[in-house]
Amino acid sequence: MNIYNHYLKLINNCVKDNKKNLELKDLNNFKGVILENPPTNFNYDFSTNICLVLGKLNKLNSINLAKKIKKTLEENIGDFSEIEVAAPGFLNLNLSKKGAIGSILKILSNDNYGSIPENKNYNIEFVSANPTGPLHVGHCRGAVFGDVLSNLLIFNGNKVTKEYYVNDYGNQIQNFLKSVYLRIREIKYNEKFTPSENIYPGLYIIEIAKKIIKKTKLDFNDYEKSKSLLGTEAIKSSMEMIKEDLNKLGIKHDNFISERSNVEKKLVEKAIKKLTNSNYVIEGYLDPPKGEESKNWKKTKKLVFKSSLFGDDTNRALQKDDGSWTYFANDVAYHFDKVSRNYDYLIDILGADHTGYIKRITGAVSALSETKTKLYCKVCQLVKLFKKGKPFKMSKRAGDFITVSDLLNEVDKDSIRFMMLNRSNDVEIDFDFDKVLEKTKENPVFYVQYCYARICSLFRTLKIDLNELVQLDQENFNLNLYEKKILRKIYEWPKVINISSQKLEPHRIPFYLYDLSTLFHAYWSKGNENEELKFISNGKVKNKNTLVIIKLISIVVKNGMNILGVSLPEKM
RNA sequence: GCGCCCUUAGCUCAGUUGGAUAGAGCAUCGGUUUUCUAAACCGAGGGUCGUAGGUUCGAAUCCUUCAGGGCGCGCCA
């Protein structure tokens, strides 16, 4: 239920019906006409630019047109109590008692107020961290982002498959397995472990090694012979760590797709065959890489994807020199698999360092699906850690990077989730440990949670179940300024959801919830200054309608926090 | 050199898909509590929306130029 859309339609239809009287020839399907919340100091429920848009289209003076449309609306729509013409041709409108009651009842009658049913089928791939160790903070942002985006899309009635692509194939995995092997030798045979360029120094490898020693009876005297078992056990053990961390963050994927098994299923060949048939893949040569001089580059003939057709700088190799598949080739195969599973949309959540990858992979999806499936790539920028205002460095080489579990030891899940979303994904986050731990207004999570806790406390005092239906007092319906402001904010909620899901930008939700909470806290505090504005007197609510407005806040806050996956304590 | 992202108050950032007098938080200064939870509220100051053009009734938002910052630019994943 979107109140703006409801009244916009009503207004548009009314104008259409009175087209002749209004001397309008061209309506252009009301393109660009909007109804929205006016700037706060105007004290109107809605404002519309209809006269500006139609005036321009029909070469009429906007103010004169506005005066006429005002009259027409007053004669035909009973829901407005007041319509103001404002320069340069805006119409500001206030809902009548009947109109306001109608909107409130509509909101109350809808369990998922704000939801805009789309009924599409999405696949969203996120995290997909290499199974070579635990998650670090960098993964955390994409993880939360993907999860919340999924929640948002589900809230809008879509089917969403949350997927993790397990990169259990390729050189990084080989390095990882070698590292585990060396650690096993260290423990079992007291061999000195010396980190080198391709060997992972991280101490977590020791834990994995211990686990594998305990679990198997192999002697680990020959790397080649141990490799297959190492492969399954070490990767399994990594994935367990990763899943545990995700679980602590409240994230659960539906599918884990293995790169290795895609390769073994010959999916790569199938995908490439399709692309070859449609002439997107050719056998050819690539130019040497730009940027830095590379030492080992050789010009060899190989299979190449024509990603330059899709705006990429250059075509991309599908094979390495030795003829084996590149990471990209395997990823093309994976996306071919996704395309063939018939989703309406694919979404990939990427880290900032993968920006350059977008054109080739969206190109591949476009080619593989014959432009039927659209892939959206969303990039999350870096998270910079701060402690007591100072940057908190982590070095991957030394293996002392900060893991998600380190983070979770200090900061609770709710704060992490909220903070990771309290920025646009295009902007770097300064994540300050100390600020997140604060229980003040400076920490937005607590501020919103506190708002809900206060509402719960209010209902507790009144001995009314927050989940019960609260009746409006229609006879004495009269909202004060605070309530009107809150109600106007409540009207905005479906719009926030709409834009967030259309632009795949969930960060709008925490900002909105914060604003809504501010209005509530302000209203609440008025009771301290003025006894009249207290909600309760002698254990009973003074005005049922106030209670309904507060109930509306609780509905929206609850829906919003559910999407964010942040808990809402009833008492704080 | 090329591609993507960013540039809005002293600091960190929003900005409703082109609308009215550009908004929050922090910081600074000043005020509010025998409470329906002060973990809160109220007030004040603070802006050439990076630059220069263009599009139009109207631009922080769209187009172009330039400047500054970040990320990326193997057949690594």
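Given the structure is predicted, the values throughout are model-derived calculations rather than measurements. The figures here come from the full heavy-atom set of this structure, side chains too, leaving out hydrogens, waters and symmetry mates. We name chains A, B, ... by the order of the sequence lines, and we start the count at 1 in each one.
Remark: A:Tyr447 is in phosphate contact with B:C41, judged by side-chain N or O atoms under 4.0 Å from OP1 or OP2.
Here CZ of A:Arg488 is found 12.0 Å from CZ of A:Phe42. Values are rounded to the nearest 0.5 Å. Here the OH-CG distance, from A:Tyr169 to A:Asn330, works out to 6.5 Å after rounding to the nearest 0.5 Å. Taking CG of A:Asp348 as the start and NE2 of A:His354 as the end, the distance is 10.5 Å to the nearest 0.5 Å.
Under the Watson-Crick or G-U wobble criterion, with both distances below 3.5 Å, B:C36 has no partner in any strand shown. Applying the Watson-Crick and G-U wobble criteria (two distances, each under 3.5 Å), B:G43 pairs with B:C29. When both distances must be under 3.5 Å, the Watson-Crick or G-U wobble mate of B:C76 does not exist. With a cut-off of 3.5 Å on both pairing distances, the Watson-Crick or G-U wobble partner of B:A67 is B:U7. Under the Watson-Crick or G-U wobble criterion, with both distances below 3.5 Å, B:G19 is paired with B:C57.
For B:G25, the O4'-C1' to base torsion is more than 90° from 0; the nucleotide is therefore anti.
When rounded to the nearest whole Å, the span between CD of A:Glu529 and P of B:U32 equals 11 Å. Distance, A:Glu492 CD to B:A24 C1': 14 Å, rounded to whole Å. Residue A:Trp493 contributes atom CH2, which lies 14 Å from atom C1' of B:U16 at whole-angstrom precision. Following rounding to the nearest Å, A:Phe90 (CZ) and B:G18 (C1') show an atom-to-atom distance of 10 Å. In this structure, the CZ atom of A:Arg360 is 9 Å from the C1' atom of B:C73, given to the nearest Å. Regarding A:Arg141, its CZ atom lies at a distance of 17 Å from the P atom of B:G70, rounded to whole Å. One atom, CG of A:Asn61, and another, C1' of B:C57, lie 10 Å apart when rounded to the nearest Å. Atom CH2 in A:Trp524 sits about 9 Å away from atom P in B:C36, given to the nearest Å.
Using cut-offs of 30° and 60° on the angle between ring planes, the pair A:Phe535 and A:Tyr523 is perpendicular. Relative ring orientation between A:Tyr357 and A:Phe328 is described as perpendicular, the plane-to-plane angle rising above 60° on a 0-90° scale split at 30° and 60°.
Using a 4.0 Å heavy-atom distance criterion, A:His354 is classed as a base contact. A:Tyr357 comes within contact range of at least one nucleobase, with a heavy-atom separation under 4.0 Å. Contact annotation for A:Arg508: backbone-only contact, meaning every heavy-atom pair under 4.0 Å involves sugar-phosphate atoms and none involves a base. Among the atoms of the strands shown, none is found under 4.0 Å from any heavy atom of A:Asn198. Across all strands shown, A:Leu52 has heavy atoms under 4.0 Å from base atoms, whether or not it also approaches the sugar-phosphate. Nucleic acid contact for A:Thr326: sugar-phosphate only, since backbone atoms but no base atoms lie under 4.0 Å from a heavy atom of the residue. Here A:Tyr169 lies in heavy-atom contact (under 4.0 Å) with sugar-phosphate atoms only. At the heavy-atom level, A:Ala522 lies under 4.0 Å from the strands shown only through sugar-phosphate atoms. A:Gly527 comes within contact range of at least one nucleobase, with a heavy-atom separation under 4.0 Å. Within 4.0 Å (heavy atoms only), A:Gln449 reaches no atom of the nucleic acid at all.
For B:C62 and B:G46, the C1' atoms lie 30 Å apart once the distance is rounded to whole Å. Comparing the C1' positions of B:U17 and B:C73 gives a spacing of 32 Å, expressed to the nearest Å. Comparing the same atom, P, in B:U55 and in B:C71 gives a spacing of 38 Å after rounding to whole Å. Rounded to a whole angstrom, the distance from the C1' atom of B:G69 to that of B:U51 is 15 Å. Distance noted for atom C1' between B:C41 and B:U33: 10 Å (whole Å). For the C1' atoms, the distance linking B:U8 with B:C13 amounts to 9 Å, nearest Å. When the P atom is compared between B:C75 and B:G10, the two are found 46 Å apart, to the nearest whole Å. Atom C1' of B:C5 sits at a distance of 16 Å from the matching atom of B:G50, rounded to the whole Å.
Comparing A:Leu382 and A:Asn528 by the nucleotide of RNA chain B that holds the closest heavy atom to each, the one mapping nearer the 5' end is A:Asn528. With RNA chain B read from its 5' end, the first of the two nearest nucleotides for A:Arg460 and A:Gly311 is the one closest to A:Gly311.
When each of B:G19, B:C36, B:C4 is scored by its nearest atom to the side-chain atoms of A:Ile34, the top-ranked nucleotide is B:G19. For A:Thr461, the listed nucleotide lying nearest its side chain is B:C36; candidates were B:C36, B:C41, B:U17. Distances were taken from every side-chain heavy atom of A:His521 (C-beta onward) to each of B:A20, B:A77, B:C41; the shortest belongs to B:C41. For A:Lys56, counting side-chain heavy atoms from C-beta on, the closest listed nucleotide (B:C42, B:C57, B:G3) is B:C57. Comparing B:G15, B:C5, B:U12 by their nearest atom to the side chain of A:Asp430 picks out B:U12. For A:Lys503, taking side-chain heavy atoms from C-beta onward, the closest of the listed nucleotides B:A77, B:U17, B:G3 is B:U17. Listed candidates were B:C42, B:C36, B:G15. Nearest to the side chain of A:Lys526 is B:C42. Residue A:Tyr450 has its side chain nearest to B:A40 when only B:A20, B:C36, B:A40 are considered. Of the candidates B:A39, B:C5, B:C4, the closest approach to any side-chain atom of A:Gln381 belongs to B:C5. The side chain of A:Phe511 has B:A14 as its nearest neighbour among B:C75, B:A14, B:A77.
With A:Gln319 as the fixed residue, the side chain to side chain contact (heavy atoms under 4.5 Å, CB included) test singles out one of A:Leu303, A:Val268, A:Thr300, A:Ile272: A:Leu303.
Judged purely by distance below 3.5 Å, without hydrogens or angles, the side chains of A:Ser424 and A:Glu505 never pair a donor atom with an acceptor atom.
Evaluation of atom-type donor-acceptor distances gives no pair under 3.5 Å for the side chain of A:Ser525 against the base of B:C42. Interface remark: the A:Lys534 side chain does not form any donor-acceptor pair with the B:C36 base, using a distance-only criterion of under 3.5 Å. A:Asn41 contributes no side-chain N or O that forms a donor-acceptor pair with the base of B:A20 under 3.5 Å. Looking at A:Ser47, its side chain comes within 3.5 Å of the base of B:A20 through a donor and an acceptor atom. With hydrogens and angles ignored, a donor-acceptor pair under 3.5 angstrom links the side chain of A:Asn49 to the base of B:G19.
Looking at A:Lys68 and A:Asn64, their side chains never come closer than 4.5 Å, going by heavy atoms from C-beta outward. Residues A:Phe446 and A:Ser415 form a side-chain contact, since some pair of their non-hydrogen atoms from C-beta on lies under 4.5 Å apart.
A cation-pi arrangement is not found for A:Lys378 relative to A:Phe145, the charged atom failing to lie both closer than 6.0 Å to the ring centre and inside a 45° cone about the ring normal.
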